[in-house]
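Values below: every heavy atom of this structure, side chains too, minus hydrogens, waters and symmetry copies.
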Amino acid sequence: MHKDTDCGQPRRADADAGKEITVAGWVHRRRDHGNLIFIDLRDRTGLLQVVFNPEVSSDAHHLAESLRSEWVVKVTGKVARRIQGAENPNLATGEIELVASELTVLNQSLTPPFEVDEHINVSEDMRLQYRYIDLRRQKMQDLLKMRHNVTRIMWDELTDKGFTQVETPILIKSTPEGARDYVVPSRVHPGEFYALPQSPQQLKQILMVSGIERYFQIARCFRDEDLRADRQPEHTQLDLEMSFVHQKDVTDVVEHLYARIMREVRPEVKVPAPFTRLSYEEAMTRFGTDKPDMRLGMELATLTEAAARSEARVFQSIAADGGSIRGIAVPGCAGYGRRQTDELIDIAKRHGAQGLVFIAIDESAESIETMTEEQARGPLNKFMSVDIIRDIARQTGAKPGDLILMVAGAEKMVNRVLSELRLEMGRRLEIADPNEFSFAWVTDFPLFEWDGDSKHWTPAHHVFSAPKTEHIDILESDPGAVHADLFDLVCNGWELGSGSIRIHNPELQRRIFGVIGYTEEQVADRFGHLLRAFQYGAPPHGGMGLGLDRLVALIAGESSIREVIAFPKTQSASDPMFEAPSKISDEQLAELHIAVITDDE
RNA sequence: GGCCCCGUGGUGUAGUGGCCUAACACGCCUCCCUGUCAAGGAGGAGACCGGCAGUUCGAAUCUGCUCGGGGUCGCCA
């Protein structure tokens, strides 16, 4: 080793003073006082102040004059207690310093494009281009370690529970469902292609047929779709699958694991236990979304009946057409002015609403029951009696000083709009406690969704989820009413993963394919291997896929998963450091039997 | 594919039609300094304003196209 001690290691003057040590690392900062030179030396464990004193070693002092930021050096010297008054309480090693007797420059460095420091502000573009420098920052090192710890706990916990980690192949077969595949040409089979897995779903189900019983993998998944703050073309998921289980068995394992991760990685935060459980129906009714942030309050109320009793034509006609009128009460916002309400109307319109109806309950009202007509202000109030307004206030839970937001129209749109407004108001009012992690299981999803474009039923999750036993009879006759043992794990508005009890009966699996509208040929081509496997004693099984990047970002309080991925890609799915993707040589293309067609224009 | 925001020395910003021969901070370079720690002091170098085309007497500033980055809708079994 070039060093015998880590920079962050010697900490106490009593214990360490007088020891001769050798450390090595990067020059974090240099303070040259002429005759006395200070270097903050940085390695993965932290900072250590090194002093070069010409009276101790004139050679070392002389060489130290040439040191610059990010040079890589090795220093030998004696640990000494700092002189009185020169201690640095901000540094873990602030009580001591290293008095250098010997300095070796192991490598020089160009002046870095940005400083390796926490307080600086650099564009993400620049950070990604020089990711190796960016990752030297303490914060990035901490995030990578946190991620490591999360996966370490996954390994520990699942190993204890009898799980076996199995690596599944990265080169598999394209089964064009859902997302676009990333595709890899085969040299040996001209004109044929592998696909990178969108998830190891089928492989892990086959492992259940193989008798593994409890499988997990920290698996890379590839999807060639547009990126977002929480979506990368390759993401990592904790993939797990269990045999002979019911839904509760799967959620118990995951809940125990996630509670433990929170306890060990963020011991200071609140994690309400047990995790909340609510059905998809209930989530949509109370929050308008299947991934609610439950810290926000402001639950949705159905006001169709009350609003339809008013003289307001909009409400009457929407109610008559089978539409829905719903609303939320935003605490303390009765004083919102025109500009603020206009902003909310914009948000509502962006998400499909025709408009947004406000009722402001004046602070001066003693209570909802005693408030007067004048104490409730709103554009449609002249069409509503005080009784109706009171009714609306009661159902939304509004109090004096609150602002009620109402949206009318198709239920799906109304829910989406109110859910967005709820999130927006939560952000504005800073309602959510950043130290609370409110996990919830959302269960009993419908198995199918109607796709108006393709005029087909499509799987709400994926084709392998089992319908609830009591709904098997109506699979073909009323697909929309079929629910499944299908569940999501959500936390603070983030979808962290979903799972289900799978189909293990090849005949039932064929019926599902039938409802979705696959032909015999398509089924044979895409899923023949799975159906064949199921004919040889497939056990009942179920499992989950849980996003690791999202989990770590959530735990770390980061809004983008790029912060917790060592080498993420930009929104155009490219890597600014590698400059990937890139063209390949004609020789490579020829070998792969590939001709590139260039778009003119 | 749609919509929105951004692009000025190495980095982050200011400048939004003539005051710009482009300002500020950090960084960088030189010198001074034995107790600093986001050291301090003095001096200095460094950008023609993402690219192209236009409007104008005059463009960093206006317009169009384009490239790059970010957010979002679509998309994401």
Side-chain angles (χ1 to χ4, degrees), chain A residues 28-41 47-56 61 65 68-70 80 82-91 93-94 97 99 110-130 133-134 175-181 197-199 201-202 221-233 235 346-347 349-352 416 420 447-449 451 453-454 456-465 486 495 498 500 512-513 516 518 526-527 545 547 559-560 562 569-572 574 576 579 601:
Chain A
H28 186 66
R29 216 175 287 279
R30 171 185 65 116
R31 293 178 292 279
D32 185 344
H33 288 236
N35 261 330
L36 205 56
I37 298 172
F38 297 96
I39 296 290
D40 289 336
L41 191 66
L47 296 175
L48 174 66
Q49 173 164 285
V50 180
V51 197
F52 295 92
N53 188 330
E55 289 166 16
V56 176
H61 179 268
E65 286 177 342
R68 292 296 181 268
S69 286
E70 301 306 310
R82 293 193 183 191
I83 66 165
Q84 186 116 40
E87 300 87 356
N88 183 350
N90 300 323
L91 221 54
T93 58
E97 62 196 1
V99 181
L110 295 176
T111 301
F114 50 87
E115 297 165 72
V116 181
D117 215 345
E118 304 310 316
H119 66 269
I120 51 145
N121 195 8
V122 191
S123 72
E124 194 181 359
D125 193 20
M126 200 35 73
R127 291 175 51 206
L128 291 183
Q129 197 180 329
Y130 294 94
I133 296 171
D134 188 43
T175 57
E177 311 303 316
R180 294 184 189 89
D181 283 320
Q198 296 182 21
S199 98
Q201 183 63 34
Q202 296 185 54
C221 303
F222 304 86
R223 290 173 194 180
D224 187 4
E225 294 294 344
D226 287 351
L227 290 82
R228 288 286 188 286
D230 63 352
R231 269 164 30 194
Q232 283 273 305
H235 75 278
D346 269 358
I347 294 172
K349 286 187 172 166
R350 252 205 318 279
H351 291 279
R416 183 173 64 234
E420 290 298 330
L447 187 57
F448 301 109
E449 282 168 0
D451 178 6
D453 292 339
S454 70
H456 270 302
W457 289 100
T458 59
H461 178 214
H462 60 51
V463 289
F464 310 111
S465 297
L486 217 174
E495 184 190 320
S498 44
S500 64
I512 298 286
F513 289 141
I516 297 166
Y518 290 164
R526 298 175 188 175
F527 304 107
S559 54
S560 162
R562 293 188 297 271
K569 294 188 172 50
T570 66
Q571 198 166 75
S572 60
S574 53
E579 299 182 306
E601 286 182 283

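Put simply, the side chain of Asp125(A) and the base of G70(B) share no donor and acceptor less than 3.5 Å apart. At a cut-off of 3.5 angstrom, the base of G27(B) holds no donor-acceptor pair with the side chain of Arg68(A). Below the 3.5 angstrom threshold, one finds a donor paired with an acceptor across the side chain of Arg231(A) and the base of C75(B). One N or O donor and one acceptor, one from the side chain of Arg82(A) and one from the base of U36(B), sit under 3.5 Å apart. You'll find a donor-acceptor pair under 3.5 Å spanning the side chain of Glu97(A) and the base of G35(B), going by distance alone.
As rounded to whole Å, 11 Å separates atom P of C37(B) from atom CG of Asn90(A). Atoms CZ (Arg228(A)) and P (C3(B)) sit 15 Å apart, rounded to a whole Å. What separates CG of Leu110(A) from C1' of G27(B) is a distance of 14 Å, to the nearest Å. When the C1' atom of C33(B) is taken as reference, atom CZ of Arg30(A) falls 13 Å away, rounded to whole Å. Distance CG (Leu227(A)) to P (C76(B)): 14 Å, rounded to an integer number of Å. If you measure from atom CD of Glu579(A) to atom P of C67(B), you get 17 Å, rounded to the nearest angstrom.
For C33(B), there is no paired nucleotide, since no Watson-Crick or G-U wobble pair has both relevant distances below 3.5 Å. Within the shown strands, A53(B) is the pairing partner of U63(B) under the Watson-Crick or G-U definition, both distances less than 3.5 Å. Pairing partner, A23(B): U13(B), with both Watson-Crick or wobble hydrogen-bond distances short of 3.5 Å.
Taking the side chain to side chain donor-acceptor pair (under 3.5 Å) definition, one finds that Arg29(A) meets it with Asp117(A), sequence neighbours left out.
Nearer to the 5' terminus of RNA chain B, by closest-nucleotide assignment, is the contact made by Glu55(A) (compared with the other of Glu55(A) and Arg180(A)). Along RNA chain B, the nucleotide nearest to Leu36(A) and the one nearest to Glu87(A) differ in position, and the one closer to the 5' end is contacted by Leu36(A).
His33(A) qualifies as a stacking partner of the A39(B) base, centre to centre under 5.5 Å and near-parallel within 30°.
Counting heavy atoms from C-beta outward, Val51(A) and Val56(A) have side chains that stay 4.5 Å or more apart.
The phosphate of G71(B) (OP1 or OP2) has a side-chain N or O of Arg562(A) nearer than 4.0 angstrom. Regarding contacts with the backbone of U36(B), every side-chain N or O of Arg31(A) stays at 4.0 angstrom or more from both OP1 and OP2. Within the structure, every side-chain polar atom (N or O) of Gln49(A) is placed at least 4.0 Å from both OP1 and OP2 of U36(B).
As judged by a 4.0 angstrom heavy-atom cut-off over every strand, Ala229(A) is placed among residues touching the sugar-phosphate backbone only. Ser498(A) comes within 4.0 angstrom of nothing in the nucleic acid, heavy atoms only. At the heavy-atom level, Ser69(A) lies under 4.0 Å from the strands shown only through sugar-phosphate atoms.
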What protein N or O atoms touch nucleotides 10-14 of chain B N or O atoms at under 3.5 angstrom, if any, and at what distances?
{"residue": "G10(B)", "atom": "O2'", "partner": "Pro113(A)", "partner atom": "O", "Å": "3.1"}
{"residue": "U11(B)", "atom": "O4'", "partner": "Pro113(A)", "partner atom": "O", "Å": "3.1"}
{"residue": "G12(B)", "atom": "OP1", "partner": "Ser123(A)", "partner atom": "N", "Å": "3.0"}
{"residue": "G12(B)", "atom": "OP1", "partner": "Ser123(A)", "partner atom": "OG", "Å": "2.9"}
{"residue": "G12(B)", "atom": "O4'", "partner": "Asn121(A)", "partner atom": "O", "Å": "3.2"}

Protein and nucleotides 40-43 of chain B: nitrogen or oxygen contacts under 3.5 angstrom:
none

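Side-chain atoms of Gln232(A) come within 3.5 Å of backbone atoms of Lys569(A) as a donor-acceptor pair (strictly under, hydrogens ignored). Glu420(A) places no side-chain N or O within 3.5 Å of a backbone atom of His351(A) that could act as its donor or acceptor partner. Looking at Arg562(A), its side chain never comes within 3.5 Å of a backbone N or O of Thr570(A) through a donor-acceptor pair. Checking side-chain atoms of Arg68(A) against main-chain N and O of Thr111(A) turns up no donor-acceptor pair under 3.5 Å.
Of all nucleotides listed (C75(B), G35(B), U72(B)), C75(B) comes nearest to the side chain of Glu225(A).
Salt-bridge check for Arg231(A) with Glu225(A): failed, with every basic side-chain N at 4.0 Å or more from each acidic carboxylate O. Arg127(A) has a carboxylate O that lies under 4.0 Å from a charged side-chain N of Asp134(A), or vice versa, which qualifies the two as a salt bridge.
In this pair, Phe464(A) and Phe527(A) present their aromatic rings perpendicular. The plane angle is above 60°, beyond the 30 to 60° band.
A side-chain donor from one of Arg31(A) and Gln49(A) sits under 3.5 Å from a side-chain acceptor of the other.
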